[in-house]
Amino acid sequence: MGTECKRKRKVSLFDVVDERVTAKVKTSTIINPWNGRPYSQGFHEILEKRKTLPVWHQKHEFLKALKENQTLILVGDTGSGKTTQIPQFVLEAVELESCDRTKKYMVGCTQPRRMAAMSVSRRVAEEMDVAIGEEVGYSIRFEDVSSTKTVLKYLTDGMLLREAMTDPLLERYKVIILDEAHERTLATDVLFGLLKEVLKNRSDLKLVVMSATLEAEKFQGYFSGAPLMEVPGRLHPVDIFYTQEPERDYLEAAIRTVVQIHLSEPPGDILVFLTGEEEIEDACRKITKEFGNMGDRPVGPVKVIPLYSTLPPAMQQKIFEPAPPPVTEGGPPGRKIVISTNIAETSLTIDGIVYVIDPGFAKQKLYNPRVRVESLLVSPISKASANQRSGRAGRTQPGKCFRLYTETSYNDLEPQTRPEIERSNLTNTFLTLKKLGIDDLVHFDFMDPPAPETLMRALEELNYLGALDDEGNLTKLGEIMSEFPLDPQMAKMLVVSPEFNCSNEILSVSAMLSVPNCFVRPREAQKAADEAKARFGHIDGDHLTLLNVYHAYKQNNEDPSWYYDNFVNHRALKSADNVRQQLARIMARLNLKLVSTDFNSRDYYINIRKAMLAGYFMQVAHWERTKGHYLTVKDNQVVHLHPSNCLDHKPEWVFYNEFVLTTRKFIRTVTCIRSEWIVDIAPHYYDLENFPSCEDSEAIRVLKKLYRKREKDKVESKSRR
DNA sequence: GAGCACTGC
């Protein structure tokens, strides 16, 4: 920002909204500098409210720091107003037009969640008195509500990462704000490292990192001593209660606590944190039953509401309904009781919660690079997470949090939840980074470097898939694969599918695998649901069953009763259709042909299965006849077909989409393949000379025999010639 | 014969 540029600026919004000026202005004759229209009636009202937010007290301090530094860290807790106000402060202070007026820049603000990006941008558009999608917009997958006029864009962190793939220096932006940085999503962590590089090459770009108060020093250390600003939050005090003894059964303890609160505490709604759908539905039933058995005791009415992500949005809306009124006038007050997963910890805020019950557990993703398995495990939460949960009780008035563990246990918790990058398979992330031009992934500047074994696994898998060559360089194939918003295995099967003459079908399968399970199985109609599913079943595998469902959906999607009668989830299928369209557009852009084998040909399904194997050859399991179980090839894990499978027998060879670790080790979504295909399609992976020796594996014996037979045939055919 | 924390492209 040179002084040259500064002088050219005609009106600064900052001057307009200055208190002294607005105080004098009673009418709305002032022109909104962003769109040249007079301000509407509501503008000044909203402005007055904005000024009461804590972050406004530090506006000048912030703008001064922004002017003097390239990188800035801002920490502030819930209620500080940083997400809505800081981007507007930035807009007022920076010059968005290049000196020669040939270029216009934007301010970008990332959010970890789509919903947040959407709702915050709507709010800010209203505050700035402009139409959403014009000067203020948002960009999330499937929805770009921005235009050439846009100067402030909210977008998901993943979306900014995608943008970087075509705009490596992020040249459309003047300032980038990474919000909710403490959540340490995979995308935010990658953006950290990437932006550090970009800032070196673009002295005119500025970065603001916004986070909750946690680990501020760590952020500062990583961003080489960038100045740190603190903004106070706005929370009411919350009293914390611990149990004297550890609880053996946290579900039972949680239910007991709910009952106690309702019987003895003043009015106020209750929020209970549990770990998953089944547990939550179970708890809801038990709580409702408890209050139904109170006999003649005077108990206020309760509304028990489950909350988890796979619940339809209409059901999720129920958490915003008020508590029920007393049954009789002057009788005991009613209470709303929300039983939720972690979704209520960060993603959804429920006002009116006064009591929080925290058993101290959550399902968390874990990755074991040794056996290449990602799994969800119920594990103790971190201190930061426990504090976030208790804070949910103090949003509207002072509250209480009941921790169902001892104070000693609390002190033993990890201070922070480990960042996602330490708990994930990084194959996909590494493909993205390669595409972004990062040559040396091993020395990439991660805030928390992933385990070396995870790193090696990712490089190895990309090499087997042909996305990286032996020197670790991105191949042409890898470049094409990286264009798809899919895991590399899936991207690979899609990219090679035209060679197998079935890209139309692989597109559909990919879309179906990318959305939540489409089969509905209500507790009261499990048998009927299973029968309905069986009607779509294909004996050669679950992937083909998914294809059947998709085809049936395309034929029946006008008929609302079809979904109901067949126990399929309308939302999941609609979303699959959406994904499929996006993937098809990418295929077209890359000149990958959309082709199908004739449906009546005996090769129709064979081609599809072969194409899928070309992506998933690293996820093959073999039926060990003498042992009576499946063994994953190479990793040698004893696994079981997930009971949801639709095969009518136990095929000798299968490939699987997912390894699920629950009560046992399951492989879910499996399709039957033939050993000859394995040898034909992935000889480089099934290179038996370099196989880890596993004496017991029948799979290796079978493959070895097959290879020997091939050698013999080759020699014989040669000698015949 | 079992389950689906939460995000995101």
Side-chain angles (χ1 to χ4, degrees), chain A residues 110-117 139-144 155-166 180 183-191 273-282 306-311 340-348 361-366 374-379 381 385 388 417 419-421 423-424 428-429 431-432 435 481-488 490-491 510 514-523 526-527 529-530 569 572 575 578-579 582-583 585-586 640-647 658 660-669:
Chain A
T110 67
Q111 296 293 319
R113 282 167 292 278
R114 300 161 48 112
M115 271 299 280
S139 179
I140 58 181
R141 188 182 188 183
F142 305 130
E143 217 181 326
D144 182 5
L155 71 177
T156 51
D157 47 10
M159 198 69 201
L160 186 62
L161 207 51
R162 279 276 142 185
E163 283 189 7
M165 284 172 63
T166 50
E180 312 288 0
E183 287 195 27
R184 302 292 305 277
T185 63
L186 207 43
T188 293
D189 264 21
V190 173
L191 284 169
F273 285 102
L274 292 178
T275 65
E277 174 178 342
E278 203 168 69
E279 203 175 81
I280 287 168
E281 294 292 353
D282 192 30
L307 178 65
Y308 42 89
S309 74
T310 49
L311 215 54
S340 172
T341 61
N342 249 0
I343 193 171
E345 195 181 299
T346 47
S347 310
L348 276 170
F361 291 96
K363 277 192 191 171
Q364 286 182 307
K365 186 170 73 176
L366 277 179
E374 252 184 15
S375 51
L376 282 174
L377 271 188
V378 174
S379 18
I381 60 172
S385 194
Q388 177 71 22
T417 307
E420 198 185 0
I421 199 163
R423 298 181 282 120
S424 310
N428 197 9
T429 305
L431 183 60
T432 308
K435 169 73 185 174
M481 282 164 59
S482 73
E483 295 285 326
F484 291 92
L486 300 172
D487 277 342
M490 209 187 285
S510 304
S514 302
V515 299
N517 183 12
C518 68
F519 297 108
V520 182
R521 199 164 182 257
R523 186 176 281 261
Q526 293 186 348
K527 203 163 163 250
D530 290 345
N569 180 341
S575 147
N578 213 350
V579 173
Q582 187 191 28
L583 299 177
R585 279 196 300 272
I586 300 171
H640 306 274
L641 296 183
H642 194 273
S644 63
N645 85 80
C646 63
L647 298 161
E658 239 184 322
V660 192
L661 182 64
T662 50
T663 49
R664 303 160 94 183
K665 293 171 180 168
F666 291 108
I667 47 177
R668 187 160 55 194
T669 317

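The model shown is predicted, which means the values in this text are computed figures rather than measured ones. Chain naming here is simple, since letters A, B, ... match the order of the sequence lines and numbering starts at 1 in each.
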Report which part of the nucleic acid [X] touches: base, sugar-phosphate, or nothing (heavy-atom distance under 4.0 Å, all strands).
{"X": "A/F666", "result": "sugar-phosphate"}
{"X": "A/N342", "result": "nothing"}
{"X": "A/T156", "result": "sugar-phosphate"}
{"X": "A/T663", "result": "sugar-phosphate"}
{"X": "A/L186", "result": "nothing"}
{"X": "A/F142", "result": "nothing"}
{"X": "A/R423", "result": "nothing"}
{"X": "A/L376", "result": "base"}
{"X": "A/R113", "result": "sugar-phosphate"}
{"X": "A/Q364", "result": "nothing"}

May I have the distance from [X] (atom [atom1]) to [N] (atom [atom2]), rounded to whole angstrom?
{"X": "A/E658", "N": "B/dC4", "atom1": "CD", "atom2": "C1'", "result": "9 Å"}
{"X": "A/M115", "N": "B/dC9", "atom1": "CE", "atom2": "P", "result": "13 Å"}
{"X": "A/L348", "N": "B/dT7", "atom1": "CG", "atom2": "P", "result": "8 Å"}
{"X": "A/D157", "N": "B/dC9", "atom1": "CG", "atom2": "C1'", "result": "10 Å"}
{"X": "A/E277", "N": "B/dA2", "atom1": "CD", "atom2": "P", "result": "17 Å"}
{"X": "A/E183", "N": "B/dT7", "atom1": "CD", "atom2": "C1'", "result": "9 Å"}
{"X": "A/R668", "N": "B/dC4", "atom1": "CZ", "atom2": "P", "result": "4 Å"}
{"X": "A/I667", "N": "B/dG3", "atom1": "CD1", "atom2": "P", "result": "15 Å"}

Per [X] side chain, nearest of listed nucleotides [options]:
{"X": "A/Q526", "options": "B/dC9, B/dG3, B/dC6", "answer": "B/dG3"}
{"X": "A/I343", "options": "B/dT7, B/dC9, B/dA5", "answer": "B/dT7"}
{"X": "A/K363", "options": "B/dA2, B/dA5, B/dC9", "answer": "B/dA5"}

Which of A/S424, A/S379, A/S375 passes side chain to side chain donor-acceptor pair (under 3.5 Å) with A/K365? It is A/S424

Are any of [X]'s side-chain N or O atoms less than 4.0 Å away from OP1 or OP2 of [N]?
{"X": "A/R664", "N": "B/dG1", "value": "no"}
{"X": "A/T275", "N": "B/dA5", "value": "no"}
{"X": "A/S347", "N": "B/dC6", "value": "no"}

TODO: Indicate, yes or no, whether a donor-acceptor pair under 3.5 Å links the base of B/dG3 to the side chain of A/R521.
DONE: yes

Does A/M115 have more than 12 heavy atoms from other residues, nucleotides or ligands lying within 6.0 Å of its CE?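 Counting other residues, nucleotides and ligands, CE of A/M115 stays at 12 neighbours or fewer.
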
So CD of A/Q111 and OG1 of A/T156: to nearest 0.5 Å the spacing works out to 9.5 Å

### Query
Rounded to the nearest 0.5 Å, how far does CD of A/Q582 lie from OG of A/S514?
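Between atom OG of A/S514 and atom CD of A/Q582 there are 9.5 Å.
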
Paired with A/D157, the side chain to side chain contact (heavy atoms under 4.5 Å, CB included) test is passed by just one of A/V190, A/D189, A/T188, namely A/T188

Quiz prompt | Candidate pair A/E279 and A/K363, rule salt bridge (charged side-chain N to carboxylate O under 4.0 Å, His left out), full reasoning | solution = CA-CA 12 Å; A/E279 203 175 81; A/K363 277 192 191 171; over 6 Å; no

